[in-house]
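Note that the structure is predicted; figures quoted are calculated from it, not measured.
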Amino acid sequence: RKESSAASDVYKRQALFAQDLDMRYLWLFNADNSWLASAANGLRDSDFLQEAAAERCDVIKRTVLESGKPARFELQIADAEQPRWFDVRVDVDRDDTGAVIGLVGTSLEITEQKRREDTLKSLLRELSHRSKNLLAIIQSLASQTARHSITVPEFLVRFRGRIQSLSASQDICLLYTSPSPRDLSTS
């Protein structure tokens, strides 16, 4: 049941289209909730997209027409609320003789995926920052312990004790600052 629900969700987010050699749309399918919502037969990307997005699409699509090789790109579209992202794939469309007659393409909305990627990147930056801070503390502990130790065995005993204390203090901090799973799911 989950698989059919997931397939249905992809189907709702995926649009199909075809364009002729002049880059005019010939047909659109399931375009209502995508960046193609304002497109219509006979229009070009420049007729309904912002200039930068239209220019990017045009360059990529013309390259596909010239090379005959498919392309895949991510397209960001400004929306009233927040940017939306789409995974766009285009390939040449050929007639029965093999001559290129235009393009066919698919577009899948990936906005939620991009948001998750951004969240993950932020978390990884925070983790890196905190790890560097912890390493600086450990370096300081090592230096301080070395200054007050006469022998290597004495240093090791003292240093291990300080590291264990640091570890215990981290556990205590986590007890008081860890968000609940519910808090994480709403952020």
Has [X] got more than 12 heavy atoms of other residues, nucleotides or ligands less than 6.0 Å from its [atom1]?
X	atom1	answer
Glu154	CD	yes
Gln113	CD	yes
Ile150	CD1	no

When you group the ILVMFWY residues by side-chain heavy-atom contacts below 4.5 Å and let the links chain together, are [Y] and [X] in the same group?
X	Y	answer
Val59	Val64	no
Leu16	Leu49	no
Val104	Ile101	no
Phe29	Val90	no

Please report the interatomic distance [atom1]([X]) to [atom2]([Y]), rounded to the nearest 0.5 Å.
X	Y	atom1	atom2	value
Thr145	Arg160	OG1	CZ	12.0 Å
Trp85	Leu75	CH2	CG	8.5 Å
Gln164	Phe159	CD	CZ	11.0 Å
Ser34	Leu28	OG	CG	8.0 Å
Arg44	Arg24	CZ	CZ	3.5 Å
Leu108	Arg72	CG	CZ	8.5 Å

- Message: Which heavy atom of Ser107 sits nearest to which heavy atom of Val88, and what is that distance?
- Response: OG-CG2, 4.1 Å

- Closest non-hydrogen contact found for Asp22 with Asp20 is N-OD1, 2.9 Å

Treating [X] as the side-chain partner and [Y] as the backbone partner, does any N or O pair qualify as donor plus acceptor under 3.5 Å?
X	Y	result
Ser140	Ala136	no
Ser149	Ala146	no
Asp45	Cys57	no
Ser143	Gln139	yes
Asn41	Leu26	yes
Asp95	Ala99	yes
Arg158	His148	yes

Inspect the contact between [Y] and [X] and indicate whether a charged nitrogen and a carboxylate oxygen are less than 4.0 angstrom apart.
X	Y	answer
Asp87	Arg89	yes
Lys114	Asp118	no
Lys121	Glu117	no

- Message: Just so I know, are the side chains of Ser169 and Leu166 near enough to count as touching, which here means a heavy-atom distance under 4.5 Å?
- Response: yes

- Query: Taking the side chain as C-beta and beyond, is there a heavy-atom pair between Asp93 and Val100 under 4.5 Å?
  - Reply: no

- Query: Could you walk me through whether Gln144 and Arg162 pass the side chain to side chain contact (heavy atoms under 4.5 Å, CB included) check?
  - Reply: CA-CA 10 Å; Gln144 187 178 24; Arg162 288 180 172 180; 3.6 Å; yes

- Would Ser122 and Arg125 count as having a side-chain donor-acceptor pair, cut-off 3.5 Å? yes

- Apply side chain to side chain contact (heavy atoms under 4.5 Å, CB included) to the pair Lys69 and Val92, showing each step before the final yes or no. CA-CA 7 Å; Lys69 295 180 182 176; Val92 293; over 6 Å; no

- Item | Verdict with reasoning, Phe86 to Ile110, per side chain to side chain contact (heavy atoms under 4.5 Å, CB included) | CA-CA 5 Å; Phe86 297 89; Ile110 57 169; 5.6 Å; no

- Plane angle bin for Tyr25 and Phe48 - parallel if under 30°, tilted between 30 and 60°, otherwise perpendicular: tilted

- Message: Just to verify, what does Glu112 make a salt bridge (Lys or Arg N to Asp or Glu O under 4.0 Å) with, not counting sequence neighbours?
- Response: Arg115

- Message: Could you go through Leu65 and Met23, starting from their C-alpha distance and side-chain angles, then the distance that decides it, and tell me whether this counts as side chain to side chain contact (heavy atoms under 4.5 Å, CB included)?
- Response: CA-CA 10 Å; Leu65 284 174; Met23 307 296 279; 3.7 Å; yes

